[in-house]
Amino acid sequence: MPADGPGEQVLAGSVPLTREFFDRPGHEVAPDLLGRVIVHGPVSVRLTEVEAYGTPGEDPASHTYRGRTPRNAVMFGPPGHLYVYFTYGMHYCANIVCLPEGVGSGVLLRAGEVVAGAEVARARRTAGASRTVTARDLARGPARLAVALGFTRQDDGLDVCPPGPVNVLRGDPPGEGEIRSGPRTGVSSARETPWRFWVDGDSTVSPYRAHVPRRR
DNA sequence: CATTTGATGTACT
DNA sequence: GTACATCAAATGG
């Protein structure tokens, strides 16, 4: 396979993260994911924004808060797997499961910069619509990122560690001083928990939106 | 730029 | 019935 862009150069020789990396609480894993590159087939995305979700009974904002359901079952499995869920009746979002089997914690992949396979990503993002998408917006937002990387319901449970079909590489880590944290986006409970992490000043970070109750 | 609204699966009250 | 880890199009300034 030929090199596909500048990102491929950066990644040459990079060692994928192994399962131990994810066998920690999500809020410890999350900042360490910034600047890493998630690879799924032809598309690679450098992560610039993530959110941690806590354990059952502890974090009311987590899908696992009230226990296991068919949708969130993968979150209760071993670390280092994808949890892909369907939301708002039309969007997919992707997490990486953290902590050991039976616990149920993860990190939502909120935004990133497409560093390889931009043409494939753009084709996915514009499929069936007469619309253009800038490089900046290809993976800016959790549902957009899932489309760019080709994640759907079928990818729920995929192994993110070698020799799985998805890997996370070293990439270009931000300095400590470039990492910011704050409240999670669009979350109505646990607003005080600063488990959203992003790369300060990166244009691919999604706009922060506080939760707003909808009127009807 | 900002605000509003429609799209509608899944989990829950 | 309501809320939701969202997005894109339409509308107003």
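Chain letters run A, B, ... following the sequence lines, proteins first, then strands; residues in each count from 1.
Judged by distance alone, the side chains of A/Tyr53 and A/His27 never bring a donor and an acceptor atom under 3.5 Å apart.
Distance alone, capped at 3.5 Å, is enough to place a donor-acceptor pair between the A/Arg184 side chain and the A/Ala52 backbone. A donor-acceptor contact shorter than 3.5 Å links the side chain of A/His81 to the backbone of A/Gly157. For A/Asn72 (side chain) and A/Gly67 (main-chain N/O), a donor-acceptor pair under 3.5 Å exists by modelled atom type. Between the side chain of A/Arg124 and the backbone N or O of A/Ala148, at least one donor-acceptor pair lies under 3.5 Å. With hydrogens and angles disregarded, no donor-acceptor distance shorter than 3.5 Å links the side chain of A/Ser44 to the backbone of A/Ala116.
What separates CG of A/Leu145 from P of C/dA5 is a distance of 18 Å, to the nearest Å. The OH atom of A/Tyr92 sits 14 Å away from the C1' atom of B/dA7 (whole-angstrom rounding). Computed from coordinates, the A/Tyr88 OH to B/dT5 C1' distance equals 14 Å when rounded to whole Å. Going from atom CZ of A/Arg136 over to atom P of C/dC7 covers 14 Å, rounded to whole Å. Rounded to whole Å, atom P of C/dT6 lies 14 Å from atom CZ of A/Arg140. One atom, CZ of A/Arg71, and another, P of C/dA3, lie 16 Å apart when rounded to the nearest Å. At whole-Å resolution of the value, NE2 in A/His91 and P in B/dA7 are 13 Å apart. If you measure from atom CG of A/Asn72 to atom C1' of B/dG9, you get 15 Å, rounded to the nearest angstrom.
At the heavy-atom level, A/Ala143 lies under 4.0 Å from the strands shown only through sugar-phosphate atoms. Contacts of A/Arg184 with the nucleic acid, taken as non-hydrogen atoms under 4.0 Å apart, are absent.
Summary of the strand contacts: A/Gly67 and A/Phe86 both lie near DNA chain B, and taking for each the nucleotide with the nearest heavy atom, the more 5' one is attributed to A/Phe86.
Note on A/Thr69: a side-chain N or O is less than 4.0 Å away from OP1 or OP2 of B/dA11. Here A/Arg110 reaches the OP1 or OP2 of C/dT6: one of its side-chain N or O atoms lies under 4.0 Å away. Within the 4.0 Å cut-off from OP1 or OP2 of C/dA8, at least one side-chain nitrogen or oxygen of A/Arg125 is found. An OP1 or OP2 oxygen of C/dC7 is reached within less than 4.0 angstrom by no side-chain nitrogen or oxygen of A/Arg209.
Here the side chain of A/Thr87 is nearest to one of C/dC4, C/dC7, B/dC12, namely C/dC4. Among the nucleotides C/dC4, B/dT13, C/dA5, the one closest to the side chain of A/His63 is C/dA5. The side chain of A/Met90 lies closest to B/dT8 when the candidates are B/dT8, B/dT13, C/dA5. Among the nucleotides B/dA11, C/dA5, C/dA8, the one closest to any side-chain atom of A/Pro70 is B/dA11. For A/Arg131, whose side chain is taken as the heavy atoms from C-beta onward, the closest listed nucleotide among B/dA11, C/dT6, C/dA9 is C/dA9.
With hydrogens and angles ignored, a donor-acceptor pair under 3.5 angstrom links the side chain of A/Tyr85 to the base of C/dA5.
Taking the P atoms as reference points, C/dA5 lies 22 Å from B/dT3, given to the whole Å.
Pair check for C/dA8 finds B/dT5; Watson-Crick or G-U wobble, both atom distances under 3.5 Å.
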